[in-house]
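Keep in mind that this is a model prediction, so the values were computed, not measured. As the structure lists them, so they are numbered: ligands from 1, and atoms in each ligand from 1. Counting from 1, the numbers follow the sequence of the chain as shown. What's counted below: heavy atoms across the whole structure, side chains too, no hydrogens, waters or symmetry copies.
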Amino acid sequence: MKIQDFKTHKQSGRKISMVTCYDHWSAQIINSSNVDVILVGDSLAMVMHGHPTTLAATVPLMALHTAAVVKGAPDKFVIADLPFMSYRKGLSENMNAMEELMRAGAQALKLEGAKGNLELIRHAVDSGVPIQGHLGLTPQSIHQLGGFKVQGRSPQEYSDLVVQAQQLEEAGCFSVVLECVPTPLAETISSKLSIPTIGIGAGLDTDGQVLVLQDMLGMNPKFKPKFLRTYLDGFEMLKNSLNEYHNDVTAQQFPTEKESYL
Ligand code: KIV
């Protein structure tokens, strides 16, 4: 998948699949799959580092994970998240953050919200940095939003988000993530934009879907939002494998002669 394919897929109606990835060995698996796009999301602060929100992600941390992913998935289009505050500090510092993530190997960057970001997006795009927008539930604003909940339900919020999506396209974004918004709102935005929308908790009418890898693989059985479909009982499978190994060791069934240097 190349940057141009985002538009051609939108035009042809071919849906785009995206998953998050934060590490080298998962990246190798995704690289051998048919999934179109990898997002090194700032959700890594929660999934990989155990923080309660994404606010703990920093540019150096994002760059470290991005470099690991890019090396494992050389055939995939890799987008990296600009973390909390890294693009709200004035043009020069914002561009330094972008430079660090692009030099780590990202092919595009994602940032949250339209308000106050449009000038930066134009500058980034003019500087050769493709930008993906992100609207709806924007986790970096979790304390402003008052929790992880569906956005755009009131008529005011609804029309606000439509306008912001159009502003992101006009500013030069190649795509927009829509997170946790009602299906009719995602449908309206998707029909008004000529760039693809990628949904998570946004219904079937977006131009693509994104899920957090560990969520779709069932690695966190306690996390069961309405929008999530799990494709594997990963937590149980891994736990059972570990228990099998433990049993083999304690029963002196591992290693055998075949697994030893004689
Ligand atoms: O950080 C992330 O994982 C994301 C996706 C949920 C879109 O931004």
Which one holds for [X] and ligand 1: side chain close, backbone close, both close, or neither close, with close meaning a heavy atom under 4.0 Å?
X	result
Thr20	side chain
Asp81	side chain
Ile198	neither

To which protein heavy atom is [atom] closest, and what is the distance rounded to 0.1 Å?
atom	value
atom 8 (O) of ligand 1	Lys110 NZ, 2.8 Å
atom 2 (C) of ligand 1	Ser43 OG, 3.2 Å
atom 5 (C) of ligand 1	Leu39 CD2, 3.7 Å

For His134, the atoms of ligand 1 under 4.0 Å from one of its heavy atoms are 8 (O)
Under 4.0 Å to a heavy atom of Asp42 - the qualifying atoms of ligand 1, by number
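It comes down to these atoms of ligand 1: 1 (O).
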Tested for salt bridge (charged side-chain N to carboxylate O under 4.0 Å, His left out) against Asp36, the lone hit among Arg14, Lys15, Lys76 is Arg14
CG (Asp42) and NE2 (His51) are apart, to the nearest 0.5 Å, by 11.5 Å
Just to verify, what does His49 make a ring-ring contact (aromatic ring centres under 6.0 Å, His included) with, not counting sequence neighbours?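 By the ring-ring contact (aromatic ring centres under 6.0 Å, His included) rule, His49 matches His65.
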Full working for side-chain contact (heavy atoms from CB on, under 4.5 Å) between Val150 and Leu137:
CA-CA 7 Å; Val150 176; Leu137 173 53; over 6 Å; no
Note to self: Could you check whether atom CZ of Arg122 has more than 12 heavy atoms from other residues, nucleotides or ligands sitting under 6.0 Å from it?
What the structure shows: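 Correct, the count exceeds 12.
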>> Quick one about Gln140 and Thr54 (side-chain donor to acceptor, distance below 3.5 Å, no hydrogens or angles considered), yes or no?
In response: no
